[in-house]
Amino acid sequence: MARSVAKPGRQPASGGPSMPYDPANSESRWQQAWDQAGTFVARRDERPKYYVLEMFPYPSGRIHMGHVRNYTMGDVVARYKRAQGFSILHPMGWDAFGMPAENAAMENGGHPRDWTYANIATMKQQMKPLGLAIDWTREFATCDDDYVAQQQALFLDMLDAGLIYRKAAVVNWDPVDMTVLANEQVIDGKGWRSGEPVERRELTQWFFRITDYADELLDALDGLDGWPEKVRLMQANWIGRSRGVQLRFDTVNAPDFPGIEVYTTRPDTLMGASFLSISADHPLAKSLESDPAIAAVAAEARRTGTSEEALEKAEKIGIDTGIRVRHPLDPSRELPVWIANFVLMDYGTGAVMGSPAHDQRDHDFAVKYGLPILAAFGERGATRAQADAAVAAQPFTPPKSEPVTYVRGFAGEGDQTGDQTGEAAVDAAIAHAEAQGYGEGVTRFRLRDWGISRQRYWGCPIPVLHCDTCGVVPEAKANLPVLLPLDVSFDVPGNPLDRHPTWRDATCPGCGGAARRETDTMDTFVDSSWYFARFTSPHATTPTDAADADYWMNVDQYIGGVEHAILHLLYSRFFARAMVRTGHLPAKASEPIAALFTQGMVTHEIYQTRDDRGRPVYHLPEEVSGGKLADGTAVEVIPSAKMSKSKKNVVDPVDIVTRFGADTARWFMLSDSPPERDVEWTASGAEAASKFLARVYRLAEETGAAPDAPDRNAPDRDDPDLTRAAHRAIDEVTRALDGFAFNKAIAKLYELANAVGRSQASGEPRRAVMRIVAQLMAPMVPHLAEDVWALSGGQGMAVDAPWPTADAAALVQDSVTLPIQINGKRRGEITVPAAMSPADVEQAVLADEAVQRFLNGQPPRKLIVVPGRIVNVVA
RNA sequence: GCCCGAGUGGCGGAAUGGUAGACGCAGCGGAUUCAAAAUCCGCCGCCGCAAGGCAUGUCGGUUCGAGUCCGACCUCGGGUACCA
């Protein structure tokens, strides 16, 4: 419907009816235009390349606002870099294996494969209208047969290179459902479906030797300049390189176990050791299980979940085994050996030294079981009695760099006491242990090898066979891919691969005899550890293509949630090294991600009322208006909560795009919060974004219509203020985009649009500025930018226009206003020529009336002039 | 428990150690309109008539000057190796 929108005075006299901003129509039109031009198909050419990647989505069923935010940010980078002349790789795929598909099959029937591909189709259809500059020709899902084939080929090469091995590891076992549970399926130590306490159970599983690269993964963090410092810190702490000592405690009364090996980073507290604790799975503990009391505690200890969190938070339990060990520094002391539930056989030696005076966990344990608490050291100057008294109620754990007073020598009773830092004492203790032969200094890592075996169906099959003659044998590459059987059911718990009638049967590539397939599948983190490499040549018949990988690697900008700061990103860093080693990536790709940005979540208010029994009842945003329901009931508003279906505080991107258009959704997602922080979706904010975009469209229409005015032959009115504003905006928006400050870029665009609205400039000068507006907005709102570009006389498409550059001359200011502080408080200001010397500024300031009043005739004690910034008078 | 973050008006936020609150939302006032919507213009941290004072989670410190740096704490969020 046509209507006039032009302001009085700028009304196009002869102009036809203007069209209102109509994103539904124009957005799909521009998307078709880009498609037809093949604008976003990545090409290897003479331009410098730029690889932008957002963490690919799990196909859960529908896209959500978090996806919109994530992909919009990547899209801004892709379009901005494209305008700057880079050849862009900006692909999209699907992290398609995983538990939700199996859960859906269990709950609603159907097959995980069908569920997954249907979800992918839906989500792709939902993403398309966002107008993302994605090369869809490279799309793949990790559950595609082809991806499975290449991943299995990688596995075999890594196996061949010695990067993969098998060992026993514990899992959460649900004794009722007879199945392995994921950590998230263990709630308060009980299985999520059965409600029964889970047990720890040992299984032989496949491991990647990520610890081979522990040193390198840690040291290389220093070079990752484009990564957030917090992520590098988290990874460094996770890898956790520590220097300590492996100590041997000789047993007194266990002839079959002459010694127990213990690793500690605090050998300086050895004199404070009052017990050893061992895992219930330690061989020594297992040998004692004929004792019913020990068996009971061991069984109880095995009932704790396997997660570190569960382990650390669980009530500490233990039992004295009756076994005694001799203290290495004092043969007259015998220490008891306890079984404890917080020690896992998987980590280290399965035994730890208890120094309750200097460790919170050991202290808790010692208090609970009445074990002695002996201080190795105390506050500086403390006597032994004082130090012991101080640790009775709580452990003393100062930083290792802090000097303390050792009250029991760390090299023996009364030997090497006195003031030391923990660091120095640890060094001395290690030296002493080595000299005396009761231990040796070792560097160890917190990082453990990466267990990839999953007792689940919907994952990439591990391509190995079990042969009675040859043992464990890799599948022949010619037989890849090993694909999942499709005729499976999920009506009984457990892994359908295990109970499939024929799938396991295979021929041994070694001896040609009968063999059984491995029924474990790979951790889905394997899939996501190399997908970025696969995007460089998604259709290659090998995992990667050397020329493509060489051109496109590395990822120049990776964008995703901080929840992946450790596992996904560390595994990817490891995988890249493994792929370099096996010849699938060039050496330069061993750090595959040059820059990382972690974006915040999208949140929304929760609207809550209470039922008769005081339980919360949640209401959808559209049911609430003005803080009330339709029937007038007031709702309680809980701000900034993560969007979740159960809390009903969700906004569907499809609804938003239908109602406002993609550009509004994109604009609001970027405008309201800095990208690394959470953003709260608000209806009013979305409406404001929509209004602003409509206003920009109107401005473009008005300026575009200007030549049709009757005075078209009169000279154009220029407006130096507007030109200056435009160049300042170019400068500021460019710097904001470079710094990932999308919200600031948008604030600058508001300012520029306001300047255009105020300006009296006419005709071409105005249109020139509107073309700059179009270019600067294009990365954020690409469809509107095309409209504005076309309306203001731009040639071709805005998407193909090179990024504008600011005219330095237009940015210079001739005078500056300096605030005047007196004793640090703002008391006035002074406007001086920008080039005025500090000495002249001082004179001008001292002449200032407000300054004279404060100084009251006295000379100032100090006068600080920060050129161009501020003046501070100290009276 | 442990590791890592974040906290600024009624709200989202801005601020190379240099005027705290850019820009936007909400609110208030005005213009336009028969009326409304839409649009346009103006005001808008708190207390105070004003002078002025108080304000960046809390408490201390460094500095001519601290939202920004240092120390301790509080609250919320992420991770914690089988959720992705």
Side-chain angles (χ1 to χ4, degrees), chain A residues 5 7-8 55 57-58 60 95 97-100 103 169 171-172 180-186 205 210 228-231 233-238 240 306-314 342 346 360-361 364 446-456 523-525 528 561-568 570-571 598 600-601 603 639-640 642 668 671-674 676-680 682 684-685 687-689 691-692 694-695 698 741 743-744 746-751 754 757 817-829 860-864 866 868-874:
Chain A
V5 292
K7 279 164 68 176
M55 290 181 184
Y58 179 79
S60 55
D95 190 12
F97 278 131
M99 292 203 306
N103 293 337
V171 293
N172 300 307
V180 176
L181 297 180
N183 284 336
E184 72 157 3
Q185 297 172 322
V186 179
Q205 313 208 48
I210 190 171
E229 183 56 34
K230 62 175 174 182
V231 174
L233 236 188
M234 280 189 265
Q235 291 212 354
N237 289 337
W238 183 262
T306 59
S307 76
E308 187 193 48
E309 187 189 6
L311 229 49
E312 285 286 337
K313 285 185 174 170
F342 55 82
D346 282 21
Q360 184 67 54
R361 192 175 61 186
D364 296 344
R446 208 185 79 93
L447 179 70
R448 309 195 301 266
D449 273 335
W450 174 13
I452 61 148
S453 296
R454 296 293 180 272
Q455 295 70 44
R456 278 180 247 293
D523 178 6
T524 56
F525 273 126
S528 55
V562 71
E563 65 271 21
H564 293 296
I566 297 176
L567 295 180
H568 162 59
L570 190 62
Y571 291 154
T598 58
M601 290 185 308
T603 64
S640 307
K642 185 174 184 167
F668 179 65
S671 67
D672 227 38
S673 285
E676 67 277 12
R677 289 250 279 270
D678 291 351
V679 64
E680 178 146 275
T682 60
S684 58
E687 271 154 29
K691 280 181 194 175
F692 175 74
R695 189 166 142 235
R698 275 199 308 278
N743 57 325
K744 283 189 257 175
I746 282 180
K748 299 304 173 191
L749 284 164
Y750 269 99
E751 286 178 356
N754 290 340
T817 299
L818 300 178
I820 300 175
Q821 289 186 337
I822 294 168
N823 293 333
K825 281 197 187 283
R826 185 181 187 280
R827 298 293 178 185
E829 61 183 36
R861 284 204 287 162
K862 206 167 176 182
L863 187 59
I864 295 151
V866 184
R869 303 299 301 203
I870 202 169
V871 179
N872 194 6
V873 182
V874 185

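Chain letters run A, B, ... following the sequence lines, proteins first, then strands; residues in each count from 1. Computed from a prediction, not measured in an experiment: that's the story for all the values here.
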**OP:** Mind checking A/V171 for me? I need base, sugar-phosphate or nothing, with any heavy atom below 4.0 Å counting as a touch.
**Re:** base
Subject >> Whole-Å P distance, B/G21 and B/A26 >> reply: 22 Å
Subject >> 5′-ward residue of the pair A/Y750/A/V180 relative to RNA chain B >> reply: A/Y750
Original post:
Using purine N1 to pyrimidine N3 plus N6-O4 or O6-N4 for Watson-Crick, or N1-O2 and O6-N3 for G-U wobble, each under 3.5 Å, what pairs with B/G45?
Top reply: B/C54
Original post:
Mind checking whether A/H564 and A/F525 have parallel, tilted or perpendicular rings, split at 30° and 60°?
Top reply: perpendicular
Subject >> B/A66 to B/C76 separation - P atoms, rounded to the nearest Å >> reply: 30 Å
Original post:
Any sub-3.5 Å donor-acceptor pair from A/N872's side-chain atoms to A/I864's backbone N or O?
Top reply: no
Original post:
Which comes earlier along RNA chain B counting from the 5' end, the contact point of A/K825 or that of A/S673, where each point is its nearest nucleotide?
Top reply: A/S673
Original post:
Within the structure shown, what part of the strands sits under 4.0 Å from A/E680 by heavy-atom distance: base, sugar-phosphate, or nothing?
Top reply: nothing
Original post:
Of the candidate nucleotides B/C23, B/C4, B/A81, which contains the atom at the shortest distance from the side chain of A/S307?
Top reply: B/A81
Original post:
Base, sugar-phosphate, or nothing: which does A/L863 touch, judged by heavy atoms less than 4.0 Å apart?
Top reply: nothing
**OP:** Indicate, with a heavy-atom threshold strictly under 4.0 Å, whether A/K230 touches base, sugar-phosphate, or nothing.
**Re:** sugar-phosphate
**OP:** Determine the Euclidean distance between corresponding C1' atoms of B/C2 and B/U8; express it in Å to zero decimal places.
**Re:** 30 Å
Original post:
Base, sugar-phosphate alone, or nothing: which one does A/P674 contact when heavy atoms must sit under 4.0 Å apart?
Top reply: sugar-phosphate
**OP:** Pick base, sugar-phosphate or nothing for A/Q205, based on heavy-atom distances below 4.0 Å to the nucleic acid.
**Re:** base
**OP:** When you get a sec, tell me which of B/C23, B/C83, B/G18 is the closest nucleotide to the side chain of A/A182?
**Re:** B/C83
Subject >> Side chain A/N183, main chain A/T306, donor-acceptor under 3.5 Å >> reply: no
Subject >> Basic-acidic side-chain contact under 4.0 Å: A/E308, A/R446 >> reply: yes
**OP:** Using the C1' atom as the reference point in each nucleotide, state the distance between B/C28 and B/G9 in Å, no decimals.
**Re:** 16 Å
Subject >> Euclidean distance, atom CD1 of residue A/I820 to atom P of B/G65 [Å, nearest integer] >> reply: 18 Å
Subject >> Step-by-step side chain to side chain donor-acceptor pair (under 3.5 Å) determination, A/R695 to A/N754 >> reply: CA-CA 10 Å; A/R695 189 166 142 235; A/N754 290 340; 2.6 Å; yes
**OP:** Determine if the base of B/G21 is syn or anti; take syn to mean the glycosidic torsion is within 90° of 0.
**Re:** anti
**OP:** Please determine if a side-chain N or O atom of A/R677 lies less than 4.0 Å away from the OP1 or OP2 oxygen of B/G13.
**Re:** yes
**OP:** Can you tell me, in whole Å, how much space there is between the C1' of B/C40 and that of B/G48?
**Re:** 34 Å
Subject >> Inter-nucleotide P distance (B/C74, B/C59), Å rounded >> reply: 15 Å
Original post:
Is A/Q235 reaching over with its side chain to a backbone N or O of A/A565, donor-acceptor style, under 3.5 angstrom?
Top reply: yes
Original post:
To the nearest Å, how far apart are A/E563 CD and B/A84 P?
Top reply: 13 Å
Original post:
Does a distance-only test, which skips hydrogens and angles, find a donor-acceptor pair under 3.5 Å between the side chain of A/N872 and the base of B/C64?
Top reply: yes
